[in-house]
S.K.: 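Quick one: this structure, given as structure tokens, is what I'll be asking you about.
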Amino acid sequence: MNASDVDSSSKYNESFAPVISRKKKRRKQTLAAISVSRSPTESVDRMMAELRSDSVWKEKCWQIIREALGALSTEIKNVLCLGLGSPTESVQARFQLCFLLELRDEILPQNQASISAFDPIFSSQDTTLLTSLGVQILSDNQHGKHILSVPTLVFMPHCDRELYEGLLRANWRAPPLANLVLIGNELCRYTESISSRILGAESPCVSRLAPLLASERLPEHGAFPNAFSSTGIQHISAASLASQATGFWELPEEIRSSENEDSEAK
């Protein structure tokens with residue numbers, strides 16, 4: 001999805017986007033115009049080449065991810081991608097997709113971890129492209145409530161808070177949470193920008209888990225600074241979860257919103 005940041009209503013909006021110089025804007029406009037004439041596969045190949053050209057940035061990201069994966073007691077078996085956006089239409093989504101594919105091939109090659117993805121805005125072109133790249137398209141909109149039965153890396157940068165809450169609530173037990181690595185919005189920022197009373201009522205899982213997470217922010221990419229702005233690699237240890245009192249696991253009744261009824265992520 002396109003980058004944005006947390007505000008008082010828990011949404012990420014583009015008003016927080018870093019200032020981009022006129023030179024960079026002209027370059028991006030030129031790239032966008034050229035990409036119209038390319039096939040989706042060619043556009044991904046070009047984007048992948050650009051991502052790989054910044055080896056210093058990529059290695060910084062890989063180091064952060066390797067440290068998070070090393071904290072798990074077992075290897076990642078599955079990768080779940082939610083709310084990516086349209087990689088055939090959005091440059092940011094395409095860059096995020098290339099990052100995820102490169103992560104799979106360079107960080108998880110021995111594990112043979114599979115990638116499954118869902119976004120209600122995927123077009124037929126998106127589905128064809130993703131399938132050709134080895135990504136399994138999920139058919140059901142679970143509003144983030146995907147049950148993680150194996151150690152999973154969840155990739156969902158710039159999704160709405162409700163999606164993170166849905167994912168955590170569906171896996172609100174120590175074993176799946178301890179085997180989860182989340183690449184997404186830094187959940188601690190919600191606790192900093194939203195009152196504890198409101199966050200605790202609307203997103204109790206986010207409210208309770210965020211302070212316990214080990215989180216490291218991804219560095220910004222020079223050409224695509226918005227792609228991973230305010231995005232962290234987050235995980236929690238089994239020992240930390242085991243030390244929580246019984247009340248930590250007892251959740252209030254879920255508050256449903258109209259947005260959750262309509263889409264997986266926007």
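Note that the numbering runs from 1 along the sequence shown for the chain.
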S.K.: Short question: side chain of His158, backbone of Ser229 - any donor-acceptor pair under 3.5 Å?
M.R.: yes
S.K.: Could you go step by step and tell me if Ser203 and Arg161 meet the side-chain hydrogen bond (donor to acceptor under 3.5 Å, both in side chains) rule?
M.R.: CA-CA 8 Å; Ser203 306; Arg161 172 163 49 100; 2.7 Å; yes
S.K.: I'd like to check the ring pair (Phe, Tyr, Trp, His ring centres under 6.0 Å) partners of Phe155; sequence neighbours left out, ordered by chain and number.
M.R.: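 Testing Phe155 for ring pair (Phe, Tyr, Trp, His ring centres under 6.0 Å), a comparison that skips the adjacent residues, returns none.
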S.K.: Heavy atoms only: give me the nearest Ala93-Gly85 pair and the separation to one decimal.
M.R.: CB-C, 4.0 Å
S.K.: Arg169: which residues meet the salt bridge (Lys or Arg N to Asp or Glu O under 4.0 Å) condition with it, sequence neighbours left out?
M.R.: none
S.K.: Could you state whether Val150 and Ile107 fall into the same hydrophobic cluster, counting links through intermediate Ile, Leu, Val, Met, Phe, Trp or Tyr residues with side-chain heavy atoms under 4.5 angstrom apart?
M.R.: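 Per the 4.5 Å side-chain linkage, Val150 and Ile107 are not co-clustered.
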S.K.: Indicate yes or no for a side-chain donor-acceptor contact from Asp160 to the backbone of Glu162 under 3.5 Å, with no hydrogens or angles considered.
M.R.: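 Side chain of Asp160 to backbone of Glu162, a donor-acceptor pair under 3.5 Å: no, none is there.
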S.K.: For residues Leu167 and Trp249: do they belong to one hydrophobic cluster (side chain heavy atoms under 4.5 Å, members Ile, Leu, Val, Met, Phe, Trp, Tyr)?
M.R.: yes
S.K.: Please list, chain by chain and in numerical order, all residues satisfying side-chain contact (heavy atoms from CB on, under 4.5 Å) with Pro252, sequence neighbours excluded.
M.R.: Pro204, Arg208
S.K.: So that I can tick it off, tell me whether Arg94 and Glu50 are bridged by a salt bridge, with the cut-off set at under 4.0 angstrom between side-chain N and carboxylate O.
M.R.: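 Result for this pair is no, no salt bridge flagged.
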S.K.: For Val135 and Ala117, which heavy atoms make the closest approach, and how far apart are they?
M.R.: CG1-CB, 3.7 Å
S.K.: Which heavy atom in Asn179 sits nearest to a heavy atom in Ser73, and how many Å separate them?
M.R.: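 So the minimum-distance heavy-atom pair works out to OD1-OG, 4.0 Å.
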S.K.: Would you sort out whether Ser207 and Thr191 count as a side chain to side chain contact (heavy atoms under 4.5 Å, CB included), showing the intermediate values?
M.R.: CA-CA 6 Å; Ser207 176; Thr191 65; 5.5 Å; no
S.K.: Measuring from Leu218:CG to Thr231:OG1, what's the distance to the nearest 0.5 Å?
M.R.: 6.0 Å
S.K.: Could you check if a side-chain atom of Phe248 sits within less than 4.5 angstrom of a side-chain atom of Trp172, using non-hydrogen atoms only?
M.R.: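 In contact.
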S.K.: Does the side-chain hydrogen bond (donor to acceptor under 3.5 Å, both in side chains) test come out yes or no for Asn78 and Ser114, once each step is laid out?
M.R.: CA-CA 5 Å; Asn78 188 43; Ser114 60; 3.2 Å; yes
S.K.: Given 3.5 Å as the limit, does a donor-acceptor pair link the side chain of Ser90 with the main chain of Pro87, or not?
M.R.: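 Looks like no, no N/O pair under 3.5 Å.
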S.K.: Does any part of the side chain of Leu180, heavy atoms only, come nearer than 4.5 Å to the side chain of Leu168, both counted from C-beta?
M.R.: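 Yes, at least one pair of side-chain atoms sits under 4.5 Å.
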S.K.: Does the side chain to side chain contact (heavy atoms under 4.5 Å, CB included) test come out yes or no for Met48 and Asp45, once each step is laid out?
M.R.: CA-CA 5 Å; Met48 186 67 80; Asp45 289 343; 5.6 Å; no
S.K.: Hey, are the side chains of Ile233 and Leu69 touching, using non-hydrogen atoms and a 4.5 Å cut-off?
M.R.: no
S.K.: Among Leu103, Leu108, Val181, whose side-chain contact (heavy atoms from CB on, under 4.5 Å) with Ile65 holds?
M.R.: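 Single pass found, and it is Leu103.
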S.K.: Are Leu213 and His235 side-chain neighbours, meaning at least one heavy-atom pair lies under 4.5 Å?
M.R.: no
S.K.: What are the two closest heavy atoms between Ile121 and Ser86, and how far apart are they?
M.R.: CD1-N, 3.7 Å
S.K.: Check whether Asn185 reaches the backbone of Cys159 with its side chain - one donor and one acceptor, N or O, closer than 3.5 Å.
M.R.: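 Yes.
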S.K.: Return the set of residues passing side chain to side chain donor-acceptor pair (under 3.5 Å) with Asn171 (not counting sequence neighbours), or none when no residue passes.
M.R.: none
S.K.: Contact between Val79 and Ser116 at the side-chain level, heavy atoms closer than 4.5 Å - yes or no?
M.R.: no
S.K.: Taking the side chain from Glu186 and the backbone from Ser215, do they hold a donor-acceptor pair closer than 3.5 Å?
M.R.: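 Not at all, since once roles are kept as given, no pair shorter than 3.5 Å links the two residues.
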S.K.: Restricting to pairs with a member in residues 55-73, which pass salt bridge (Lys or Arg N to Asp or Glu O under 4.0 Å), not counting sequence neighbours?
M.R.: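 Residue pairs with at least one partner in residues 55-73: Lys58-Glu102, Lys58-Glu106, Glu59-Arg66.
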S.K.: What residues, two or more places apart in sequence or in another chain, satisfy side chain to side chain donor-acceptor pair (under 3.5 Å) together with Thr127?
M.R.: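 Side chain to side chain donor-acceptor pair (under 3.5 Å) check on Thr127 returns nothing, list empty.
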S.K.: Apply side-chain contact (heavy atoms from CB on, under 4.5 Å) to Gln125 and list each qualifying residue two or more places apart in sequence or on a separate chain.
M.R.: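 Partners of Gln125 under the side-chain contact (heavy atoms from CB on, under 4.5 Å) test: Pro40, Thr88, Ser123.
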S.K.: What is the minimum heavy-atom distance between Phe228 and Pro157, and which atoms define it?
M.R.: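 Where Phe228 meets Pro157 most closely, the heavy atoms are CE2-CG, 4.3 Å.
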S.K.: Output the distance between atom CG (Leu153) and atom CG (Leu182), rounded to the nearest 0.5 Å.
M.R.: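 Between Leu153 CG and Leu182 CG, I get 8.5 Å after rounding to 0.5 Å.
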S.K.: Got a sec, which residues hit side chain to side chain donor-acceptor pair (under 3.5 Å) with Glu89, two or more places apart in sequence or on another chain?
M.R.: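 Side chain to side chain donor-acceptor pair (under 3.5 Å) check on Glu89 returns nothing, list empty.
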S.K.: Could you tell me the separation between the SG atom of Cys98 and the CE atom of Met47, rounded to the nearest 0.5 Å?
M.R.: 6.0 Å
S.K.: With a 4.5 Å heavy-atom cut-off, do Gln63 and Glu216 have their side chains touching?
M.R.: no
S.K.: Checking Gln92 side chain against Ala227 main chain: does a donor-acceptor pair fall under 3.5 Å?
M.R.: yes
S.K.: Could you grab the distance from atom CG of Leu80 to atom CG of Leu138, nearest 0.5 Å is fine?
M.R.: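 Separation between the atoms: 6.5 Å.
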S.K.: At what distance, to the nearest 0.5 angstrom, does CD1 of Ile76 lie from OG1 of Thr152?
M.R.: 6.5 Å
S.K.: Taking Met156's backbone N and O only, do any of them form a donor-acceptor pair with Tyr164's side chain (distance below 3.5 Å, no angle check)?
M.R.: yes
S.K.: Mind jotting down which residue pairs meet the ring-ring contact (aromatic ring centres under 6.0 Å, His included) criterion with at least one end in residues 196-215? Sequence neighbours excluded, please.
M.R.: none
S.K.: Can a donor-acceptor pair be found between the side chains of Arg217 and Ser230 at a distance below 3.5 Å?
M.R.: no
S.K.: If every non-hydrogen atom of Leu209 is compared with every non-hydrogen atom of Leu241, which pair is closest and at what distance?
M.R.: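 Looking at all heavy atoms of both residues, the shortest contact is CD1-CD2, 4.2 Å.
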S.K.: Sequence neighbours excluded, which residues qualify as side-chain contact (heavy atoms from CB on, under 4.5 Å) partners of Asp54?
M.R.: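 Asp54 satisfies side-chain contact (heavy atoms from CB on, under 4.5 Å) with Val56, Trp57, His221 once adjacent residues are dropped.
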S.K.: List the residues meeting side-chain contact (heavy atoms from CB on, under 4.5 Å) with Ser237, not counting sequence neighbours, and say none if there are none.
M.R.: Ala239, Ser240
S.K.: Between NE2 of His143 and CG of Leu82, what distance do you get to the nearest 0.5 Å?
M.R.: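 If I round to the nearest 0.5 Å, the distance is 12.0 Å.
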